Amino acid sequence: MHIVVCIKQVPDSAQIRVHPVTNTIMRQGVPTIINPYDLFALEAALQLRDKFGGEVTVLTMGPPSAEDSLRRALTYGADRAVLLTDRFFAGADTLATTYALATAIRKVSETFGAPDIVFTGKQTIDGDTAQVGPGIAKRLGLLQLTYVAKIREVDPVARTIEAERRSEGGVQVLKTKLPCLVTMLEATNEIRRGAMADALRAARAQIVTWSAKDAGVEDISKCGLKGSPTIVKRVFAPSARAEKATMVDFSSRAPADALIEELFKRQPKLEAELTTSAHGF
Amino acid sequence: MSEPTKAPPAAAGRAATKKELPEHFKAYKHVWVFIEQERGQVHPVSWELMGAGRKLADKLKVDLAAVVIGPPGEAVQHAAAESFCYGADLAYIVADGVLTDYRNEAYTKALTDVVNTFKPEILLLGATTLGRDLAGSVATTLLTGLTADCTELDVDADGSLAATRPTFGGSLLCTIYTLNYRPQMATVRPRVMPMPDRVEKPASRIIEHKLGLVEEDIVTKVLSFIPDRDSAKSNLAYADIVVAGGLGLGSPENFQLVKGLAAVLGADFGCSRPLVQKGWVTSDRQIGQTGKTIRPKLYIAAGISGAIQHRVGVEGADLIVAINTDKNAPIFDFAHVGIVTDAIRLLPALTEAFRARLSPHSRDRIAS
């Protein structure tokens, strides 16, 4: 079984700060991590490989420094890493990203064998769009299972997959055919600690590095900023509310009472509503 | 060393790349809202989007249309009829037995086909699990732009859709355009837009469109649907009162203080994103751009600093109360009432004070 996992190297969003005066992003020195959702996808892929044999190829599009994340994926036990990097990819929105990634997956398929499953995380923590998975599926003509909470069964002989997909108000149990694309939900599995042997292998591993041309991109105008139908026109910080918050003095003897007093003063109807609805046990 | 890096500039350069809209897109007119319905229930986000869509259509002086996709029968007809009460000028229906359960293949074909036939200028969908699954596929099939999880929708002087959403992991906002492609697509999370008033209105123009698929054409099969147990359902997005905790609580144990206050107020409880990332609270309780958007009458944020990712999730609340030790925390920029103190100290006192105030006999009961 050949499984391709698409990962993204993202800034650790918990550590991004906005400059208090200039309202600009302070990106320097912010550590990068593998998009956390992608780790659940990687683990799901590794579990299937461990069960059925075969190989896991991790693929990322990004700057040359994204190699770090690929090496980290190898330490978890992935068999091969492919880095898609080219200045032509810069500024890509989701549509342009899916064009590049789908092209690279076709190349992976020709070079290392056709994948049975392509995995991604449900979304990234920097873009948060959840559009790239479905976009890749559509470009490659793959069936898609998004927001997968559990893979129930894969039958490599019958070429089928059964999975639980989170939907509004419940879980949809779906069965479809391989090859397909799966996007994994958070907390779907316990992410393994890589074995020492894998860490050593990862340190020495050759990362397959492809430019747009190497990957077989035929139309460079479909990549990067040029190939992106969406255009970011304005980036701005939200303005503060004109009216400042009323501050309750904590040094008063009963700050909790003072706070409640202030709330009910502002919303006189609230007290009556609370008295009837609240569980004042 | 962290020097400020300039965020991408207002891109006068990029905006100036606007070309004349290609000839084949000039026929695209009108604003559409995808009406999401599953198992006979319309998701309320669809009506919220109708409210937003109405404003866009009025500004553009075009029609607002609802698109309903599902199995033939009462539910779909009712959803289409309801859309008129929420502002639709017309409704498109694609009804077919193969559309009984949501499946990407069939729904993508249904929506793509009506778009290609009737050519909307703007297409809005709810950013639900269904809406995002569908929107990504449809936009890629149509090779057009899609802006996810918008917090504001407007049209500019040229009539282009200006879609605003948080960016950089939620630190800033950005406005995104899809200038030279049609339709312009956007998704919006539930509760981001206010629910418009329902005004009784008869259904008038309903256009039925054939799907042209048979069950054998569709590879994916739905084996079953397991509804969430009532206890597992979080109704956070639609709760009247919400109490939430953030990193300022210091430890997962202290999150009990949030639950304690919520219990006394008959409120629902939530948290900010870092608590989910740390595994203290499950992700269905996350409030913010990537979690739930809420519009309660009262929102109490304990130990939450108020990054924009959180802010856009709570801005619709009538009354926002912030408890934080840092007097410069951004949450005080958008809270209505604030108190600078340690939530761990204040929450138990606040819980007790509310208990006393709301239930005068409770003290007697506790004493006995």
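Naming convention: chains lettered A, B, ... in sequence-line order (proteins, then strands); numbering from 1 in each chain. No experiment lies behind these values; they were computed from the predicted model shown. Heavy atoms only: backbone and side chains are in, while hydrogens, waters and symmetry mates are out.
Contacts between A:Leu263 and chain B at a heavy-atom distance below 4.5 Å involve backbone atoms as well as side-chain atoms. Using a 4.5 Å cut-off between heavy atoms, A:Leu259 contacts chain B through its side chain alone, with no backbone atom that close. Proximity to chain A (any heavy atom under 4.5 Å) is restricted, for B:Tyr181, to the side chain, taken from C-beta onward. If you measure heavy-atom distances from B:Asn104 to chain A, the contacts under 4.5 Å come from the side chain alone. Residue B:Thr164 touches chain A through its side chain alone, counting heavy-atom pairs closer than 4.5 Å. For B:Val321, the part lying near chain A is the side chain, with the backbone staying farther off; criterion is any non-hydrogen pair under 4.5 Å. Contacts of B:Leu350 with chain A are made by both backbone and side-chain atoms, with heavy-atom separations under 4.5 Å. With a threshold of 4.5 angstrom between heavy atoms, B:Glu36 approaches chain A through side-chain atoms but not through N, CA, C or O.
The choice from A:Glu262, A:Arg166, A:Lys244 that makes the most heavy-atom pairs within less than 4.5 Å of chain B is A:Arg166. Ranking B:Ser224, B:Pro274, B:Ala135, B:Ala127 against chain A, the residue ahead of the rest is B:Ser224, based on heavy-atom pairs under 4.5 Å. For the options A:Ala130, A:Pro134, A:Ser228, A:Pro238, heavy-atom pairs under 4.5 Å to chain B are most numerous at A:Pro238. Options B:Ile323, B:Leu146, B:Thr144 differ in how many heavy-atom pairs under 4.5 Å they form with chain A, and the most are formed by B:Leu146. Highest contact tally toward chain A, considering only B:Val138, B:Asn328, B:Ile226, is held by B:Ile226 [criterion: heavy-atom pairs under 4.5 Å]. Per-residue counts of heavy-atom pairs under 4.5 Å with chain B were compared for A:Gly133, A:Ala254, A:Ser239, A:Ala96; the largest is that of A:Ser239. Counting heavy-atom pairs closer than 4.5 Å to chain A, the top residue among B:Ala139, B:Ala349, B:Ala148, B:Ala162 is B:Ala148. Ranked by heavy-atom pairs shorter than 4.5 Å toward chain B, the options A:Lys122, A:Lys269, A:Glu168, A:Gln267 are led by A:Glu168. In terms of non-hydrogen atom pairs under 4.5 Å with chain A, the most contact-rich of B:Gly136, B:Cys174, B:Ala163 is B:Cys174. Your options are A:Gly170, A:Ala137, A:Cys180, A:Pro36, and the one with the most heavy-atom pairs under 4.5 Å with chain B is A:Gly170. Taking A:Gln123, A:Arg165, A:Glu186, A:Glu164 one by one and counting their heavy-atom pairs under 4.5 Å with chain B, the maximum is reached by A:Arg165. In terms of heavy-atom pairs under 4.5 Å with chain A, the best-connected choice from B:Leu143, B:Thr187, B:Asp149, B:Thr108 is B:Leu143.
Looking only at atom types and distance, the side chain of A:Thr183 has no donor-acceptor partner in the side chain of A:Thr120 under 3.5 Å away. In this model, no donor atom of one side chain and acceptor atom of the other lie less than 3.5 Å apart for B:Arg132 and A:Thr146. Side-chain contact annotation: B:Thr151 with B:Gln289, donor-acceptor N/O pair under 3.5 Å absent. Using modelled atom types and a 3.5 Å distance limit, the side chains of B:Thr220 and B:Arg103 yield no donor-acceptor pair.
A:Arg159 is linked by a salt bridge (charged side-chain N to carboxylate O under 4.0 Å, His left out) to A:Asp116, counting only residues two or more places apart in sequence or in another chain. By the salt bridge (charged side-chain N to carboxylate O under 4.0 Å, His left out) test, B:Glu152 pairs with no residue at all, sequence neighbours left out.
Within the 4.5 Å cutoff, side-chain heavy atoms of B:Tyr177 are placed close to those of B:Asp156.
Taking the charged nitrogens against the carboxylate oxygens, A:Lys8 and A:Asp126 do have a contact shorter than 4.0 Å, which makes a salt bridge. The existence of a salt bridge linking A:Glu162 and B:Lys221 is excluded, since no basic side-chain nitrogen approaches an acidic carboxylate oxygen closer than 4.0 Å. Between A:Asp128 and B:Arg165, no side-chain nitrogen of the basic residue sits less than 4.0 Å from a carboxylate oxygen of the acidic one, so the salt-bridge criterion is not met.
Once rounded to the nearest 0.5 Å, the distance linking NZ of B:Lys297 with CG of B:Leu319 reads 12.0 Å.
Using cut-offs of 30° and 60° for the angle between ring planes, the B:Phe354 and A:Phe264 rings count as perpendicular.
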